[in-house]
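Report on the structure given below.
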Amino acid sequence: MSAVTVFGLYAAAAVGLGLYGLITTPQPLRKIIAFNLLGSGVFLLFGIVGRRGAAAGFGNDPVPQALVITGVVVAFSATALAIALLLRLFQIAGSTTLNSRAAASPRSDPSGN
Amino acid sequence: MLPPAPALVTTAGGFLLVLSIVAPVAGVLLEFALGERYVRPVVSTVIPVGLAIAAAVLVLLPRSDGHLVYLLGAWPPPLGVALRADGLSAVMLATTAVVICAVAIFAATDFRPQSVEARTPFAFWILLLAIWGALNTIFVAGDLFTLYVALELLTFAAVPLVSLDGRAETLRAALRYLLFALLGSVFYLMGTALLYGLYGTLDIVLLSHRVSAEPGALIAAALMTSGLLAKTALFPLHLWLPPAHAGAPAAASAILSGLVVKGSFFIVVRLWFYVLPALPGFTAAQFLATLGAGAILVGSIVALRQERLKLLVAYSTLAQIGYLFLLFPLALDASGRLETGQALAGGLIQAISHATAKAAMFMAVGSIYAGLGHDRITGISGAARALPLSVMTFALAGFALMGIQPGGASLAKELLLQETARTGQWWWAGVLQVGGMFTAAYVVLVLAHALSPPDRPVALAARPPRGSGLAALALALCSLFLGLLPWEPYLPIPYALESKLFGVEALVKLLVTVLGGVALAILLSPWPHPLAGTVARRDLKTVPGPFRRACLGFGSLVERGDHVLRQWPAAGICMLAVALLLAASMFGAN
Amino acid sequence: MSIATVFEIALAVVVLGLAIWTIAVPDTYSATVGFIAYGLLVALIWVRLDAVDVALTEAAIGGGLGGVVLLGAAARLRGTEAMTMERPSLIVRLSAAALSASIAAALAVAILLPPNPAPTLAPDVVSNAGATGMANPVTNVLMAFRAMDTMLEKVVLLLAIVGVWSLASDQAWGGRPGPRHQADPNGVLAFLARLLPPAGIVVGIYILWTGADHPGGAFQGGAVLASMWLLVIMAGLVDTPPVRSRWLRLVLVAGPGLFLVVGLGGLCFGSAFLAYPAAFAKPLILSIEAAMLLTIATTLGLLLAGAPERSAER
Amino acid sequence: MSVARDIITVAGVSAGVFFFFAGTVGLLRFPDTLTRLHALSKADNLGLGFVVLGLLPQTGGLRDGLKLISIWMFVLLAGATVSQLIARTARQSGSGE
């Protein structure tokens, strides 16, 4: 087993875990954490691809590395924006649920059915 | 070494592609740095420049063999990044420029810069230009990772637009939108990682030569497609769309509904037709179109049951997005490969027609909301007299969407119908016709309410500014006359089509659509019918009571189903299921 | 099995355990803390993959600053998170688990089926490195070969700032972001905030400078500078600047602005947009990076500070 | 010569690992915040010190050695401050009992 195999399996597992967390946790903050976990797994995919492409004296293909650095920064901005939205929602509404009961429940049928 | 392929050399005029990105981005930076007082000069410089660039691309493209290429930093792919424009890019660039221009005029009063810097104008104008820059990048990017960055740029510009008014409801909508869009981008990113690992490049042209039906490539294709579908809000991945598009301010809704969802749709088209045309195959294409058909059905039925006009229009966007995805199975050739032919042209014209018409529609609804102080569909009787311009805009945009000649939608429908006949997929012809009827249904429904005489004189809360109304009207007219434009240099359209657009046969088709729409509106809308006293009474009589009740029951069932699908866990599970089913059907085809 | 492999397996297992814990633990605050530890260990994985540039970024931005954002939010939301919402039903959870596992399995298959030989652009990067005069291949990719992506991503950061600011209430617009930190001016935090930043600023600039030839660069350096700034803010020694401030605005657009100007210079006078003339490539790139360092540090700091909450007057 | 260096390294790093281990056990086993903090900060500072000491013979030159030592110094500084802050918060909120 090489590093590529070990971490490749881990990356896939992290993606699975992140997806599960993103779907099932009800709290938005936990969703954001799960998204970051998911993101780290996806970035590791790039790392593994790059590691396999080690050549010309580099242990890791520099192109995927650069893509990951860009991706990490984008993911961080997304986290910051999501957190800001969440905190503002909490400030205004006093709760952070994503389901608004008023708007979400199917309205009673006005034609009497 | 072989001489470089034509797609890997900068062409004359390629710099226009750079400018089409740089102009809005520079506008964003200037607005941010200079602040409120200079927003007006910056915007009113950037918009004409952007329009001119789009026009120049349109002019230059046919003269340079249908392709413009620019190598950024003069580095050829795979190491460098190329920008490329073809006919599709050119028409989308132009559409975006026109819609942005109209929305900017519409918003000039709503978001008028004040002497003291205020929050909403500051954010709105920056985000408007940012969306423009992001979309232009999407249309001309020649590299899958550049497309990823552009997608994120689009999301980051679109999300704050949703929550501009700062109410809890819209904040919630924005957060849902952001989280689901991020899930979509992560899926897309997974696919790019796999593709780079297999082929060592992310350049679209190079990839299209190297790609083959290996397991990794198929999984990558499925992941990327489902991620993009989430961002496009194709049924059943639409949980974020209705609240976001209905909650945003009118000008923002126009952009979100008209343009933003087209960005990720465009990338799906790029991916399927230009990166891996041989991979998806028959089943996957049918699957996409089936989701599209589901979107038409659910979106339209739920739209007809909405009480609020903005939500109705938002749900109709959902249905129209579904309509766009019908192009995929129709573009298959005999060997199961996607052909860049008539079906693609039809789908793209439909997208353009929807972009213009839906933006106009949202602006009209925004004006009605502002004028009446509410947008309850049962309370808009008399609006046609009080706000004639807005109602007329809504009507014209609606006519364009339901396929009245010479609108873009009618041309698109004709192109797609011909392809159903050619490929023998008659079932999609039925879906296309029903889709048109449903569109007619909600347009007719709204117009019937707006045209009916009011119980008491309508008191206007505010009079919408004339400039705004005219901008929306101009956009609706654009959509209505799209069918007359010369598309041949940009999209593969047969010459002989125009004659079919007019004439008795076309008129009959239209009549059938409208009558079908009226019937659907009567059967599925739960609201008391405004014209019950006049024309529609006879119709109502002929419709047996129990039948209408059954239809309404069915509608309510669909609405409930839609509500379940819009819960977060359900939508997430749908997302994974769509990805897996796509992968399975692609594996089946190869 | 070599000792390195044993270490790698152990690392993967520990990280996996932390990941599971982060998802499964009931308390949100604990999950956040778990995620920070996770982020730091993932940086170790990146070192094992021989991607030191990414390891630095992941540790500084992914684990470090990302962790701070999450921790701050968790602290503010503590108490509300626990009482809230119902968990989804067992069927939903089971089907989500099954589908997530299938996706993970598909991904594992796809990533572990190696193409032979694996494609790579490393030789291309090496043979073209002469054009920039810099030895760090990752910096070359970021600043030259794929400069467009880097520039657009700077705009993404700017939009994130716009998005965060747009959440302010209308009264607070133009004011200072975040709460005012009160700390004992003679306390231990203030002491650290006076002692550390001079060293931290040197380290940040060093990371940028060394990024030309060795692992490092504007992001990593910017993250260090941002954390120094935040330390000083948290110690109450300085306040966050009001978002109306013209200087602040200029600093925030400096990075992408200079990038754009240099790019257009290449379009007008050189061979292409974002092409650097060979003689000036290194100084040009370093000056763009210097501007970016400033912009990134400020942007990251402000993203952590949040939306404007207080009017500019004290 | 290189054998002597390696012996110093092994000894130093092993000592460091021992202290980290002890600190972790203390973190897990001690009953309250303050004692846990005590175990953690003391063991970590010493542990890292020994690891750095052990690595010093392996460095290429004075520059690298100085970098290593400055890492340790920074960790000492940050660790001391943070421990102080945590301890104070714990005492104020009364959870140190």
Side-chain angles (χ1 to χ4, degrees), chain A residues 1 3 5-17 19-21 23-24 26-27 29-30 32-34 36-37 40 44-45 47-48 50-56 58-63 65-66 68-70 72-74 76-77 79-81 83-88 90 95-97, chain C residues 5 8-9 12 16 19 23 28 31 35 42 45-46 48-51 53-54 57-58 61-62 66 69-70 73-74 76-77 81 84-85 87-88 93 96-97 100-101 103-104 107-108 111-112 118 120-123 125-126 137-138 141-142 146 149 153 156-157 160 163-164 167 219 303 306-307:
Chain A
M1 279 226 281
T5 318
V6 174
F7 295 134
L9 284 174
Y10 171 69
V15 168
L17 270 173
L19 285 175
Y20 175 76
I23 292 173
T24 55
Q27 300 100 328
L29 185 58
R30 298 293 292 271
I32 297 170
I33 295 177
N36 275 293
L37 199 70
S40 83
L44 277 177
L45 291 181
I48 286 142
R51 176 71 185 157
R52 207 178 271 145
F58 297 133
N60 199 312
D61 186 353
V63 173
Q65 287 189 61
V68 170
I69 290 179
T70 306
V72 167
V73 177
V74 170
F76 170 78
S77 330
T79 306
L81 182 59
I83 293 279
L85 271 167
L86 184 59
L87 289 177
R88 180 71 180 151
F90 174 63
S95 83
T96 56
T97 171
Chain C
T5 309
E8 277 156 3
I9 293 176
L16 185 64
I23 295 295
T28 302
F35 178 74
V42 167
I45 296 188
W46 282 105
R48 292 303 308 170
L49 290 172
D50 234 333
D53 283 279
V54 183
T57 315
E58 182 75 41
I61 296 181
V69 179
L70 291 171
R76 276 180 147 185
L77 297 176
E81 288 270 324
T84 43
M85 331 126 216
R87 283 183 71 80
R93 273 183 288 158
S100 309
I103 296 263
L107 213 52
I111 199 73
L112 293 179
T120 176
L121 288 175
V125 173
V126 174
V138 179
V141 175
L142 280 173
R146 302 191 69 101
D149 296 351
E153 170 238 26
V156 169
L157 274 175
V164 170
L167 298 169
F219 292 121
L303 281 179

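Note: hydrogens, waters and symmetry copies are ignored here, and every other heavy atom, side chains too, is used. Chain identifiers are assigned alphabetically (A, B, ...) following the order of the sequence lines, protein sequences preceding nucleic acid strands; residue numbering begins at 1 within each chain.
- Between Leu112(C) and Gly8(A) the shortest heavy-atom distance is CD2-CA, 4.4 Å.
- If you tally non-hydrogen atom pairs under 4.5 Å between each of Val15(A), Leu17(A), Ile32(A) and chain C, the highest count goes to Leu17(A).
- When all heavy atoms of Phe76(A) and Val69(C) are compared, the pair lying nearest together is CE1-CG2, 3.9 Å.
- Across Ala12(C) and Val6(A), no two heavy atoms sit closer than the pair CB-CG1, 3.6 Å.
- The closest donor-acceptor contact from the side chain of Asp61(A) to the backbone of Leu121(C) lies under 3.5 Å.
- Residue with the most contacts toward chain C among Gly50(A), Ala12(A), Pro62(A): Pro62(A) (heavy-atom pairs, distance under 4.5 Å).
- In terms of heavy atoms, Ala19(C) sits closest to Tyr10(A) at CB-OH, 4.0 Å.
- Contacts of Ile103(C) with chain A are made by side-chain atoms alone, with heavy-atom separations under 4.5 Å and no backbone atom involved.
- For the atom pair Asp53(C) CG and Ile69(A) CD1, the distance stands at 5.0 Å (nearest 0.5 Å).
- Nearest heavy atoms, Ala74(C) versus Leu29(A): CA-CD2, 3.5 Å.
- For the options Pro137(C), Ala97(C), Ala96(C), Ala104(C), heavy-atom pairs under 4.5 Å to chain A are most numerous at Pro137(C).
- If you tally non-hydrogen atom pairs under 4.5 Å between each of Val74(A), Ile33(A), Ile48(A), Leu19(A) and chain C, the highest count goes to Ile33(A).
- If you measure heavy-atom distances from Arg88(A) to chain C, the contacts under 4.5 Å come from the side chain alone.
- Using a 4.5 Å cut-off between heavy atoms, Ala101(C) does not touch chain A at all.
- Interface residue Leu45(A): backbone and side-chain heavy atoms are both found under 4.5 Å from chain C.
- With contacts defined as side-chain heavy-atom distances shorter than 4.5 Å, the pair Leu44(A)/Leu49(C) qualifies.
- Only the side chain of Arg146(C) comes within less than 4.5 Å of a heavy atom in chain A; its backbone stays farther off.
- Contacts between Phe7(A) and chain C at a heavy-atom distance below 4.5 Å involve the side chain alone, from C-beta outward.
- Annotation: side chain of Val72(A) is not in contact with side chain of Phe219(C) (no heavy-atom distance under 4.5 Å).
- Between the CZ atom in Arg52(A) and the CD1 atom in Ile111(C) there is a gap of 6.0 Å [rounded to 0.5 Å].
- Using a 4.5 Å cut-off between heavy atoms, Ala73(C) touches chain A through backbone and side chain atoms alike.
- Annotation: side chain of Leu81(A) is not in contact with side chain of Leu303(C) (no heavy-atom distance under 4.5 Å).
- Of the residues considered (Asp149(C), Leu142(C), Val164(C), Leu167(C)), Leu167(C) shows the highest number of contacts with chain A, using heavy-atom pairs under 4.5 Å.
- Remark: Thr57(C) OG1 to Gln65(A) CD distance equals 9.0 Å, nearest 0.5 Å.
- Listed here is the closest heavy atom pair of Arg76(C) and Leu87(A): NH1-CD1, 3.5 Å.
- Of all the listed residues (Ala34(A), Ser40(A), Ala13(A)), the one sharing the greatest number of non-hydrogen pairs under 4.5 Å with chain C is Ser40(A).
- Of the two parts of Val125(C), only the side chain, counted from C-beta on, holds a non-hydrogen atom closer than 4.5 Å to a non-hydrogen atom of chain A.
- Of all the listed residues (Val73(A), Ile83(A), Leu85(A)), the one sharing the greatest number of non-hydrogen pairs under 4.5 Å with chain C is Val73(A).
- Both the backbone and the side chain of Val63(A) come within contact range of chain C, each with at least one heavy atom under 4.5 Å from a heavy atom of that chain.
- Contact of the Asn36(A) side chain with the Leu70(C) side chain is registered, since non-hydrogen atoms from C-beta on lie closer than 4.5 Å.
- Note on Ala307(C), Ala31(C), Gly306(C): by heavy-atom pairs under 4.5 Å with chain A, the leading option is Ala31(C).
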